[in-house]
Amino acid sequence: MTSNRYPSVTNFLWLLTGSACLLFMGGKWNIPALTWIGSVFFLKYFRNIRNFWGVILALPVIYIASHIYFIGLAEQVEPGFRILINLSFTFYIMIPCLADSLLHTRIRNRLLSGLVYPSALIAVQFLLSYNEQLGTILHWTASLFPQKPVIQLISVTGVWGPSFLVGWVASTINMLWEEKFNPSRIRMPLLVCAGTIFTVILYGSFRMLLSPPEPGTVKAGSVISGFREDNLFYIYDDMNEKEKSEQKEKYRLLTFQVQDDLFTTSEKLIPSGIRILSWASGNAAVFAEDEPALIKRMQDFARQHQIYFFPSLLVLGNHNYPDMNHVLAIQPDGQIAYDHFKGRSPNKGYYQGNIVEIIKTPYGRIASPICYEMEFHRFIRQAGKAGVDIFIVPGDEPARGASNMHTELSMLRGIENGFSMVRTTLEGLTMAADYQGRILSQLNFYQTLANRSIIFEMPVKGIRTFYTRFGDWFAWLCISGFVLLIIYALIAPSENKSQTQLKH
């Protein structure tokens with residue numbers, strides 16, 4: 001007698017195939033096509049398991065795949081965060097699949113049963129976004145950034161829309177698979193799903209073609225100075241007090257050298273006519289006692305060259321700031337319009353403040369959140385509601401593998417809220433894009449070994465999007481729909497029960 005306690009070899013292969021695809025569904029090895037395909041195999045596996053042992057077997061397999069996925073992405077973070085992000089990603093995959101396996105056969109309407117998985121997927125993604133260490137960092141929509149017509153949907157639904165489509169495709173393909181790929185047996189669910197995706201692509205294409213940013217740009221520049229070794233000043237910050245005392249003068253001299261290089265390189269961009277200048281997060285390192293002199297030098301530089309200057313500072317040594325990272329908004333008259341401190345960090349796991357400071361300029365309203373703050377859609381939406389036109393985002397990527405992922409995910413906030421943005425990134429990908437995600441210019445830190453500076457023309461006028469006005473309406477709609485599907489599944493007679501009643 002053959003035991004059904006464990007999944008069959010064939011079904012286990014579906015689990016392994018899904019886990020292999022997972023490695024390329026975003027992250028450092030992103031292949032957008034696999035984002036659409038990978039969850040098909042996870043769903044197939046969970047629909048076929050017959051008992052609790054299948055779930056237990058899947059847990060370590062998906063966790064290991066998640067761990068491999070985040071190697072090179074979650075660096076310079078504490079072990080607790082590594083465990084949190086691996087477990088979150090594992091449950092992100094498993095919980096919607098389990099919900100689908102429990103409910104889809106109880107819902108006899110094929111169109112509705114196909115919505116169980118995508119609605120459960122968005123419910124899990126949305127709830128995880130409330131974790132102040134995660135935000136939308138796990139989101140599959142970021143992997144679709146190269147598919148510009150699809151991601152225009154973000155301006156309406158937020159990042160939840162494209163992810164919903166990914167889940168709906170997986171559910172529909174599994175339905176087709178169960179019918180031995182005979183489309184006539186699931187004509188309505190197939191037509192509705194395919195028609196929706198076609199409509200989304202058509203909408204996105206027409207949006208980009210017919211509603212590009214209005215004429216009017218401002219010339220802006222980004223400057224990054226290279227280090228002798230990756231994470232140079234964070235290495236110092238991680239030393240014990242004795243080592244810091246011994247090494248301080250050495251690192252203090254290095255801060256002066258980097259600062260001089262930043263000013264010298266920035267000076268070379270001035271003749272091009274730039275009116276906005278940005279420095280990367282973590283680049284202009286300074287010891288607390290030297291900071292007043294550096295800030296005065298920055299103010300003098302802005303006043304001398306009549307520019308809006310957004311330098312980010314990494315303050316070392318003893319300070320009483322909320323965080324060691326902050327960015328200044330310096331006006332052409334040398335006055336500081338605001339001083340914004342980084343309020344979210346995956347490493348420290350803290351949440352501080354909920355304000356996006358804004359400066360009004362002749363080139364529109366400008367704001368400059370720092371690096372990881374861009375992972376938090378509710379935080380950034382307030383800038384969209386305030387009518388911000390340009391985001392100047394200083395970034396830093398201690399993990400090489402995360403450079404593209406974090407930059408592209410940051411750009412989704414601009415599409416959501418209708419502002420153009422530049423992310424000036426130390427040890428990562430610097431990119432400028434308009435509010436439809438068109439790349440204006442980009443620079444890879446590791447592929448540009450000298451003169452790491454870039455100039456681009458930024459649209460000066462943003463727009464108000466549907467998402468800006470109505471926020472996470474689509475996510476709440478998915479959650480409500482998922483609850484209704486659960487209720488429907490519980491009160492609807494199962495197929496077996498219905499067949500028994502017919503026999504009698």
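- Note on residues 301-317: pairs passing salt bridge (charged side-chain N to carboxylate O under 4.0 Å, His left out), not counting sequence neighbours, are Asp300-Arg303.
- With rounding to the nearest 0.5 angstrom, the CG atom of Asn444 is 6.5 Å from the CG atom of Asn404.
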- Phe233 vs Phe287, ring pair (Phe, Tyr, Trp, His ring centres under 6.0 Å): CA-CA, chis, key distance, verdict: CA-CA 10 Å; Phe233 295 111; Phe287 281 85; 7.9 Å; no
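- Evaluation of the side chain to side chain donor-acceptor pair (under 3.5 Å) rule for Lys360 yields no partner, not counting sequence neighbours.
- Checked against ring-ring contact (aromatic ring centres under 6.0 Å, His included), Tyr321 has the following partners two or more places apart in sequence or in another chain: His319, His326, Phe341.
- The minimum heavy-atom distance linking Tyr372 with Leu134 is given by the pair OH-O, 3.7 Å.
- For Asp260, the salt bridge (charged side-chain N to carboxylate O under 4.0 Å, His left out) partners are Arg297, not counting sequence neighbours.
- Legend: residues meeting side chain to side chain donor-acceptor pair (under 3.5 Å) with Thr430, ordered by chain and number and at least two apart, are absent.
- Both tests pass for Arg452 against the ring of Phe445: distance under 6.0 Å to the centre and angle within 45° of the axis.
- When all heavy atoms are compared, the tightest approach of Gly462 to Asp389 is N-OD1, 2.8 Å.
- Scanning for salt bridge (charged side-chain N to carboxylate O under 4.0 Å, His left out) contacts around Lys242 gives Glu246, with sequence neighbours left out.
- Legend: residues meeting side chain to side chain donor-acceptor pair (under 3.5 Å) with Ser88, ordered by chain and number and at least two apart, are absent.
- In terms of modelled atom types and a separation under 3.5 Å, the side chain of Lys219 and the main chain of Ile455 share no donor-acceptor contact.
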Listed pairs under 3.5 Å, donor-acceptor, residues 431-441 side chains, sequence neighbours left out:
unit_1	atom_1	unit_2	atom_2	d
Asp434	OD1	Gln436	N	2.8
Asp434	OD1	Gly437	N	3.1
Asp434	OD1	Arg438	N	3.0
Asp434	OD2	Arg438	NH1	3.1
Gln436	OE1	Arg438	NH1	2.5
Gln436	OE1	Arg438	NH2	2.9
Gln436	NE2	Arg207	O	3.1
Gln436	NE2	Ser211	O	2.7
Arg438	NH2	Met208	O	2.4

- Given Arg344 and Glu132, is the salt bridge (charged side-chain N to carboxylate O under 4.0 Å, His left out) satisfied, shown in steps? CA-CA 7 Å; Arg344 288 159 173 82; Glu132 291 297 345; 3.3 Å; yes
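- Residues forming a salt bridge (charged side-chain N to carboxylate O under 4.0 Å, His left out) with Glu229 (at least two apart in sequence, or on another chain): none.
- Residues satisfying the salt bridge (charged side-chain N to carboxylate O under 4.0 Å, His left out) criterion with Lys268, sequence neighbours excluded, are absent altogether.
- The residue from Phe126, Phe376, Trp160 that alone fulfils the ring-ring contact (aromatic ring centres under 6.0 Å, His included) condition with His139 is Trp160.
- Ser420 contributes no side-chain N or O that, together with a main-chain N or O of Ile390, makes up a donor-acceptor pair within less than 3.5 Å.
- Residue Cys478 is tested with Thr157, Asp472, Ile122 for a side-chain contact (heavy atoms from CB on, under 4.5 Å); the sole match is Ile122.
- Across every non-hydrogen atom of Ile454 and Phe456, the tightest pair is CG2-CE2, 3.7 Å.
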Per-pair distances, 0.1 Å, donor-acceptor, side chain in residues 277-286, under 3.5 Å, sequence neighbours excluded:
unit_1	atom_1	unit_2	atom_2	d
Ser278	OG	Thr424	OG1	2.9
Trp279	NE1	Ser266	OG	3.0
Ser281	OG	Asn325	OD1	3.4
Asn283	OD1	Ser225	N	2.7
Asn283	ND2	Ser225	O	3.1

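- Considering every non-hydrogen atom in both Ile201 and Pro149, the closest pair reads O-CB, 3.8 Å.
- Under the rule for a side chain to side chain donor-acceptor pair (under 3.5 Å), the partners of Tyr92 that lie at least two apart in sequence or sit in another chain are Gln125.
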